Amino acid sequence: MIVRFGYVAMSTIVENASPSRTMTATNFQKLDDREAAVRRLERIAEENLRNTLRLLRHNRAHDVHLYRLSSKLIPLLSHELLSGWDPFPVLEQPFRDIGDYAKEHGMRLSFHPDHFTVLSSPREEVLRNSYLDLDIHVRMLEEMGLDERAKCNIHIGGAYGNKETAAARFVDSFKRMTPRIQRRMTLENDDKTFTARETLEVCEQLGDVPVPMVLDIHHHQVNTGGDLLDEELWTRICRTWANQRIPPKIHASSPKSEKDPRGHADYVNADQVLTFLQLASQTGTPKLDVMLEAKMKDGALFRLMDDLRQKEGLRLLDQATVEIL
DNA sequence: ACCTGTCAAGTCTGG
DNA sequence: CCAGACTTGACAGGT
């Protein structure tokens, strides 16, 4: 089994390369000249996109083929203060540059809209904003010229006292979206509410619109729902990735401490990751992508590779890829 | 240069 | 019904 590793949004190695610079809404309002303020937002967005491209070059130099884009590339986009603002024409070239580079080097890019995107919400306004947010994320992938293999990953959302009705509401809200958005989505189990099996069941319920599931092995560890992560569960998860033209993806991170097991540690424990990789390899998974969610970002990735180098039963293919033997 | 409280957005808990 | 926690990188304003 071939396993590629990636990291999220920012680098702890490349300096001054934030893809998430922003401006607060209060500060935007303080500026007298609205036109100038809007141009400043556009400059920040350009800089975020330029830094994203810098990070992709860094990734290329270190064989990292997997990267999650920052959701904060364009500050205050979709904020009501900026209704009517369309920054995309100005940002056309920087978006395309990112997409071109990613395609040229076979990189897998994704987004993870944050926890304000909640399709299980009973509140109409929350749902409407969630739709808008997803639309924007998909729009950015389209501006990059990336095909449907570039996904947006979200959680099921809140339970509101009744997980079953919440899940049903999620399914309903999901089905109301256009195929254009639906085909870009993946669903991930969370650390408090929807377990791996429950998330998988939602994916399976959406059957006619195939929605792959991203398994987060750390979330599963702190929210098992009593289920064992075994070959059967993994095989079912893999089935959601059939016909996607991309390998299944998982998220990996380690508990911050015993006191805060849900928090993310600086680095990732190699043995825990390896245990899962061996399970996946045994089920006959040919390829797997692993997104690391550690505080030290790419620093954690390279440390993990160093740690894996010492282990039996695998070999390093390059700086960010291993083969499980 | 460095430190601290605050930030657009949601949900859950506890008072 | 409302305040605070949760969680995170970055701002904003202070020293």
Side-chain angles (χ1 to χ4, degrees), chain A residues 7-31 37-38 40-41 43-45 47-49 51-52 55 67-85 87 111-137 152-163 165-167 169-170 173 188-194 198 216 218-219 222-223 251 253-257 259-266 291-300:
Chain A
Y7 67 98
V8 175
M10 59 184 283
S11 170
T12 56
I13 295 168
V14 184
E15 308 209 320
N16 302 314
S18 169
S20 310
R21 271 204 58 206
T22 187
M23 184 193 296
T24 58
T26 26
N27 220 258
F28 177 83
Q29 272 174 305
K30 274 191 218 158
L31 300 169
V38 167
R40 199 150 124 197
L41 286 178
R43 275 217 320 277
I44 292 172
E47 191 184 321
N48 287 339
L49 294 169
N51 279 336
T52 298
L55 291 175
Y67 173 72
R68 181 194 299 164
L69 298 155
S70 164
S71 279
K72 301 189 182 79
L73 292 172
I74 307 177
L76 298 182
L77 184 59
S78 83
H79 191 281
E80 53 175 26
L81 275 175
L82 284 143
S83 64
W85 175 44
F111 274 120
H112 194 345
D114 57 35
H115 64 285
F116 305 113
T117 297
V118 194
L119 297 182
S120 70
S121 179
R123 293 169 55 197
E124 212 164 299
E125 198 194 333
V126 172
L127 187 58
R128 195 170 52 239
N129 287 335
S130 299
Y131 285 155
L132 286 176
D133 200 37
L134 288 176
D135 186 84
I136 281 163
H137 279 89
C152 295
N153 180 59
I154 60 168
H155 297 283
I156 307 291
Y160 313 88
N162 186 335
K163 237 193 257 191
T165 57
R169 213 162 34 233
F170 178 97
S173 305
E188 178 193 346
N189 58 307
D190 69 75
D191 56 356
K192 275 169 128 157
T193 311
F194 287 94
E198 289 162 345
D216 187 311
H218 179 198
H219 289 168
V222 294
N223 184 25
H251 290 176
S253 51
S254 294
K256 190 181 177 76
S257 62
K259 220 178 72 175
D260 179 14
R262 297 207 329 264
H264 287 182
D266 291 354
M291 183 64 75
L292 302 179
E293 295 183 326
K295 288 256 188 298
M296 292 305 287
K297 312 290 179 188
D298 50 343

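Lettering follows sequence order; numbering is per chain, from 1. Predicted model, so just to flag it, every value in this text is computed and none were measured.
- Lys30(A) comes within 4.0 angstrom of the backbone, heavy atoms only, and of no base.
- Atom name P, nucleotides dA12(C) and dA9(B): the rounded distance is 16 Å, in whole Å.
- For the pair Lys297(A) NZ and dT8(C) C1', the interatomic distance rounds to 8 Å; values are reported in whole Å.
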Dump the pairs, protein N or O against N or O of nucleotides 1-4 of chain B, anything under 3.5 Å, distances to one decimal.
none

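- Counting to the nearest Å, the P atom of dC7(B) and the CD1 atom of Ile44(A) are 18 Å from each other.
- Remark: Ser11(A) pairs with Asp298(A) by the side chain to side chain donor-acceptor pair (under 3.5 Å) rule, at least two apart or across chains.
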> What string of B, S and - do you get for nucleotides 8-15 of chain B, 5' to 3', if B is base contact, S is sugar-phosphate-only contact and - is no contact with any protein heavy atom under 4.0 Å?
Replying inline: BBBSS---
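- Rounding to whole angstrom units, CG of residue Asp266(A) and C1' of dT7(C) are separated by 15 Å.
- Straight-line distance from the CG atom of Asp260(A) to the P atom of dA5(C): 15 Å, rounded to whole Å.
- The closest donor-acceptor contact from the side chain of Lys163(A) to the backbone of Thr193(A) lies under 3.5 Å.
- Identified under the side-chain hydrogen bond (donor to acceptor under 3.5 Å, both in side chains) test for residues 114-123 of chain A, with sequence neighbours left out: Thr117(A)-Asp133(A).
- Using a 4.0 Å cutoff on non-hydrogen atoms, no part of residues 12-22 of chain A comes near DNA chain B.
- The OH-P distance, from Tyr7(A) to dT8(C), rounds to 18 Å in whole Å.
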> Should Glu198(A) and Ile156(A) be marked as a side-chain contact (heavy atoms from CB on, under 4.5 Å) after you check the CA-CA gap, both sets of side-chain angles, and the distance that decides it?
Replying inline: CA-CA 9 Å; Glu198(A) 289 162 345; Ile156(A) 307 291; over 6 Å; no
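- For the pair Arg68(A) CZ and dT8(C) C1', the computed distance is 13 Å after rounding to whole Å.
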> Dot-bracket, DNA chain C: Watson-Crick or G-U, under 3.5 angstrom, [ ] crossing, | other strand?
Replying inline: ||||||..|||||||
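- A distance-only check finds a donor-acceptor pair linking the side chain of His218(A) to the backbone of Pro261(A) [under 3.5 Å].
- dG13(C) sits 12 Å from dA8(B) when the P atoms are compared, rounded to a whole Å.
- Here the P atom of nucleotide dG9(C) and the NE2 atom of His264(A) are 10 Å apart, to the nearest Å.
- A donor-acceptor contact shorter than 3.5 Å is absent between the side chain of His251(A) and the backbone of Met291(A).
- Put simply, CE on Met10(A) is 11 Å from P on dC11(C), counting in whole angstrom units.
- Spacing of P atoms, dG4(C) relative to dG5(B), comes out at 15 Å, to the nearest Å.
- Distance check on atom P: dG14(B) versus dT7(C) gives 15 Å, rounded to whole Å.
- Under a cut-off of 6.0 angstrom, the local environment of NZ in Lys72(A) is sparse, with at most 12 non-hydrogen atoms contributed by other residues, nucleotides or ligands.
- Side-chain atoms of His264(A) come within 3.5 Å of backbone atoms of Glu293(A) as a donor-acceptor pair (strictly under, hydrogens ignored).
- The aromatic rings of His137(A) and Phe111(A) sit perpendicular, their planes meeting at an angle over 60°, well past the 30° parallel limit.
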